[in-house]
Amino acid sequence: MSLAKLRTHYTKQINLDTIGEDKVTIAGWVHEVRDLGGICFVVLRDREGRAQVTLVKKKIDRELFNSARKLVRETVVSVTGSVKGSDQAPNGYEIIPDTIDVLNVADSPLPMDTTGKVDAELDTRLDSRFIDLRRPGTQAVFKIRHEVQKAVRDFLTQEGFIESSTPKVVATATEGGTSLFPITYFDREAFLNQSPQLFKQILMSGGLDKVFEIGPIFRAEEHDTRRHLNEATSIDIEASFMDHFDVMEILENMVAFVYSQVKENAGHMLEDLEVELAIPKTPFLRLTYQEAIDIVNADPNSEEELQWGDDLGTTSEHLIGEHVFNETGESHYFIIDWPSEIKPFYAMSYEDRPEFSKSFDMMHRTMELSSGAQRLHEHDALKSRIESKGLDSDGFDFYLRAFRYGMPPHSGWGIGCERLVMTMLGTDNIRDVVLFPRDRKRLSP
RNA sequence: GUUCGGAUAGUGUAGUGGCCUAUCAUGGAGCCCUGUCGAGGCUCCGACUCGGGUUCGAAUCCCGGUCCGAACGCCA
């Protein structure tokens with residue numbers, strides 16, 4: 001055997017029809033050892049699945065047999081042997097080993113169980129993410145997250161969007177509203193960016209026409225919920241010569257496409273997670289802000305009386321989400337025509353009714369997923385809007401300049417990648433869908 | 001940040017003042033076992049978050065710290 005060849009196949013690639021009873025080399029972790037005395041089964045796990053390595057005491061080298069039954073769980077091994085069909089083996093085959101190379105012995109006891117026999121709390125799992133990821137259910141989440149991001153890229157590329165990357169270290173003055181993390185940039189103060197908003201708008205002036213970005217955003221809010229992170233992944237688009245209704249259509253079609261791609265390409269992972277995926281029907285319901293607050297106020301469970309101009313709290317969001325779900329059977333919907341006052345400075349108002357803004361939120365039954373708007377593209381109007389929000393327009397020079405020399409009308413949105421995955425899979429906690437989440441308390445690992 | 005709840009072997013748990021040299025499962029060590037697939041059987045190992053207090057007696061009650069969870073707030 002060539003020592004250089006630690007693996008010839010993933011366990012899933014072993015197929016009796018194509019391989020016959022040839023030799024293979026598989027590599028992975030010792031999932032379990034079942035020693036029955038005269039026969040010993042070693043279950044090897046790799047990314048794609050598991051394979052049973054079978055050792056019959058009387059038929060195999062004594063030393064190999066004894067070392068196999070002493071293998072420590074989660075030890076990394078490479079096994080070379082012949083494939084043998086067997087009705088008694090899982091997947092219909094087993095490996096009769098020639099050699100079992102121990103590549104790295106695992107310590108014992110393990111920080112948590114990997115076999116699904118004993119649960120672990122999220123905090124324990126995050127502390128030992130490297131072990132947690134060895135569990136099929138955890139790994140399935142991140143394989144699905146990959147499918148989600150791939151589907152987003154495929155869809156937006158197909159729609160003519162150009163993938164872009166904008167800086168995460170910024171001088172100052174983003175959108176306001178949320179707090180920023182200050183950092184030291186050589187001898188100057190700088191911040192981690194809260195969103196690519198201002199940069200993707202500058203790209204519209206640059207004529208890239210339609211751009212998207214999938215990247216990290218940072219919020220220094222001291223929130224403490226199951227659906228907030230201080231470092232999140234935002235999927236953002238900006239598109240020229242489109243109004244807010246145009247980009248809403250892109251958004252709902254993208255979400256439906258992502259769901260269908262996950263269903264098509266990650267069926268096994270959905271089964272591992274016991275998720276029955278319902279592809280959202282498009283177009284999504286468009287509820288006006290006024291209709292939304294009417295629903296809350298008419299709801300007997302509502303404890304507050306909302307006035308026009310109030311933002312929607314968590315409880316209201318839930319009431320509206322349940323209402324929509326009961327009426328339509330769908331989890332996704334839009335809330336449109338928000339009061340201009342509670343939307344950011346860059347959102348455009350309707351020309352004929354300035355108190356309403358051309359902005360929207362895209363909601364899931366359980367939480368907000370996305371917000372977007374047609375943007376204000378006239379320099380002077382934008383500048384005075386910044387100032388009327390109490391922000392210092394000098395800090396926005398780098399941004400405002402792009403509006404003076406030919407900025408097309410444009411619209412865009414941002415959707416939280418983690419929330420998209422979380423609502424798709426019905427996970428309880430947003431941290432479940434982030435490899436190494438950053439929240440108010442957690443900075444490591 | 002507010003309110004409420006919690007912390008017991010590596011992991012997940014039972015245990016509301018003495019019956020606790022603390023339950024069960026998983027795990028680890030060892031022995032038996034030739035078809036397991038959450039293997040099975042037997043033996044052993046391993047824990048009360050920290051500091052203070054009440055009490056004859058505290059895992060259990062009280063105070064404080066630390067850490068964790070949930071709802072809300074803030075926010076996306």
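Just so it is clear: chains get the letters A, B, ... in the order the sequence lines come, proteins before strands, and each one is counted from 1. All heavy atoms count here, side chains included; hydrogens, waters and symmetry mates do not. All values derive from a computational prediction rather than experimental measurement.
- Across all strands shown, C44(B) forms a Watson-Crick or G-U wobble pair, both distances under 3.5 Å, with G28(B).
- One can place CH2 of Trp338(A) at 12 Å from P of C75(B), the figure rounded to the nearest angstrom.
- Residue-level contact check: Glu94(A) touches the bases, meaning some heavy atom is under 4.0 Å from a base atom.
- A heavy-atom distance below 4.5 Å is found between the side chains of Lys23(A) and Asp98(A).
- Note on ring orientation: taking the six-membered ring where Trp is involved, the planes of Phe155(A) and Phe257(A) are tilted (angle from 30° to 60°).
- Rounded to whole Å, the C1' atom of A9(B) lies 14 Å from the corresponding atom of A59(B).
- Atom pair Asp113(A):CG and U13(B):P shows a separation of 13 Å (rounding to whole Å applied).
- For the C1' atoms, the distance from U3(B) to G12(B) is 29 Å, rounded to whole Å.
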Just the atom pairs and distances: protein N or O near nucleotides 64-70 of chain B's N or O, under 3.5 Å.
from, atom 1, to, atom 2, distance (Å)
A70(B), OP1, Asn429(A), ND2, 3.4

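- Salt bridge annotation for Asp113(A)-Arg135(A): absent, with no cationic side-chain nitrogen under 4.0 angstrom from a carboxylate oxygen.
- Nucleic acid contact for Pro111(A): sugar-phosphate only, since backbone atoms but no base atoms lie under 4.0 Å from a heavy atom of the residue.
- Among C31(B), G73(B), U26(B), the nucleotide with an atom closest to any side-chain atom of His223(A) is G73(B).
- Summarising the geometry, the separation between CG on Asn91(A) and P on G35(B) is reported as 20 Å, rounded to the nearest angstrom.
- Across all strands shown, C4(B) pairs with G69(B); the Watson-Crick or G-U wobble distances both stay below 3.5 Å.
- Remark: the separation of the C1' atoms in G35(B) and A25(B) is 26 Å, to the nearest Å.
- For A14(B), there is no paired base (Watson-Crick or G-U wobble, both distances below 3.5 Å).
- Counting only heavy atoms from C-beta on, Ala120(A) has its side chain closest to G12(B) among C72(B), G35(B), G12(B).
- Across all strands shown, nothing is found opposite U21(B) as a Watson-Crick or G-U wobble partner with both distances under 3.5 Å.
- Spacing of C1' atoms, A47(B) relative to C56(B), comes out at 27 Å, to the nearest Å.
- Distance, Arg219(A) CZ to G73(B) P: 18 Å, rounded to whole Å.
- Within 4.0 Å of Glu32(A), counting heavy atoms only, lie sugar-phosphate atoms of the nucleic acid but no base atom.
- The pair Arg134(A)-Glu74(A) meets the salt-bridge criterion, with a side-chain N (NZ, NE, NH1 or NH2) lying under 4.0 Å from an Asp/Glu carboxylate O.
- OP1 or OP2 of C72(B) lies within a sub-4.0 Å distance of a side-chain N or O belonging to His318(A).
- Taking the nucleotide of RNA chain B with the nearest heavy atom to each of Lys58(A) and Glu317(A), the more 5' of the two is matched to Lys58(A).
- Among the nucleotides G35(B), U26(B), G12(B), the one closest to any side-chain atom of Lys117(A) is U26(B).
- Closest to the side chain of Asp35(A), from the set C75(B), C33(B), U36(B), is C33(B).
- Minimum atom distance to the side chain of Arg419(A) is reached by C75(B), of the listed G38(B), C75(B), U36(B).
- Using a 4.5 Å cut-off on side-chain heavy atoms (C-beta onward), Ile415(A) and Met254(A) make contact.
- One finds no salt bridge joining Glu231(A) and Lys168(A) here, because no Lys/Arg side-chain nitrogen approaches an Asp/Glu carboxylate oxygen to under 4.0 Å.
- Nucleotide U60(B) has no partner under the Watson-Crick or G-U criteria, as no pair reaches both atom distances under 3.5 Å.
- Residues Arg227(A) and Thr366(A) have side chains not in contact (no heavy-atom distance under 4.5 Å, counting atoms from C-beta outward).
- Of the C1' atoms belonging to C48(B) and A7(B), the separation is 10 Å, rounded to the nearest Å.
- Atom P of G40(B) sits at a distance of 7 Å from the matching atom of U26(B), rounded to the whole Å.
- Side-chain polar atoms of Thr157(A) and Glu163(A) form no donor-acceptor pair below 3.5 angstrom.
- Atom-to-atom, CG of Leu312(A) to C1' of C72(B) comes out at 15 Å; the value is rounded to the nearest Å.
- Under the Watson-Crick or G-U wobble criterion, with both distances below 3.5 Å, G38(B) has no partner in any strand shown.
- Between G28(B), G38(B), G35(B), one nucleotide has an atom nearer to the side chain of Val56(A) than all others, and that is G35(B).
- Minimum atom distance to the side chain of Arg73(A) is reached by G27(B), of the listed U36(B), G27(B), C72(B).
- Ile295(A) has its side chain out of reach of Leu319(A): every pair of non-hydrogen atoms, C-beta onward, lies at least 4.5 Å apart.
- For Val118(A), whose side chain is taken as the heavy atoms from C-beta onward, the closest listed nucleotide among C75(B), G12(B), G35(B) is G12(B).
- Taking the P atoms as reference points, C62(B) lies 16 Å from U55(B), given to the whole Å.
- Between Gln52(A) atom CD and U34(B) atom P the separation is 16 Å, expressed in whole Å.
- Across the strands present, C75(B) finds no partner; the criterion is a Watson-Crick or G-U wobble pair with both atom distances under 3.5 angstrom.
- Residue-level contact check: Ser234(A) touches neither bases nor backbone, having no heavy atom under 4.0 Å from any strand.
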Practice problem: Quick one: do Leu277(A) and Met424(A) satisfy side-chain contact (heavy atoms from CB on, under 4.5 Å)? Show the steps, please. | Solution: CA-CA 7 Å; Leu277(A) 207 59; Met424(A) 174 182 281; 3.5 Å; yes
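- The separation of C42(B) from G51(B), taken at their P atoms, amounts to 39 Å, rounded to a whole angstrom.
- Taking only side-chain nitrogens and oxygens, Thr124(A) comes nearer than 4.0 Å to OP1 or OP2 of G12(B).
- If Asn230(A) and Thr54(A) are placed on RNA chain B by their nearest nucleotide, the residue sitting closer to the 5' end is Thr54(A).
- For the pair Glu322(A) and Arg365(A), the salt-bridge criterion is met [side-chain N within less than 4.0 Å of a carboxylate O].
- Of all nucleotides listed (G35(B), C31(B), G73(B)), C31(B) comes nearest to the side chain of Lys70(A).
- As rounded to whole Å, 13 Å separates atom C1' of G27(B) from atom CD of Glu74(A).
- The distance between atom CZ of Arg69(A) and atom C1' of C33(B), rounded to the nearest whole Å, is 11 Å.
- Residue Gly313(A) is in sugar-phosphate contact alone, with no base atom involved, counting any heavy-atom pair closer than 4.0 Å across all strands shown.
- Residue side chain Gln88(A) does not reach the base of U36(B) through any donor-acceptor N/O pair under 3.5 Å, judged by distance alone.
- Residue Arg34(A) places none of its side-chain N or O atoms closer than 4.0 Å to OP1 or OP2 of C33(B).
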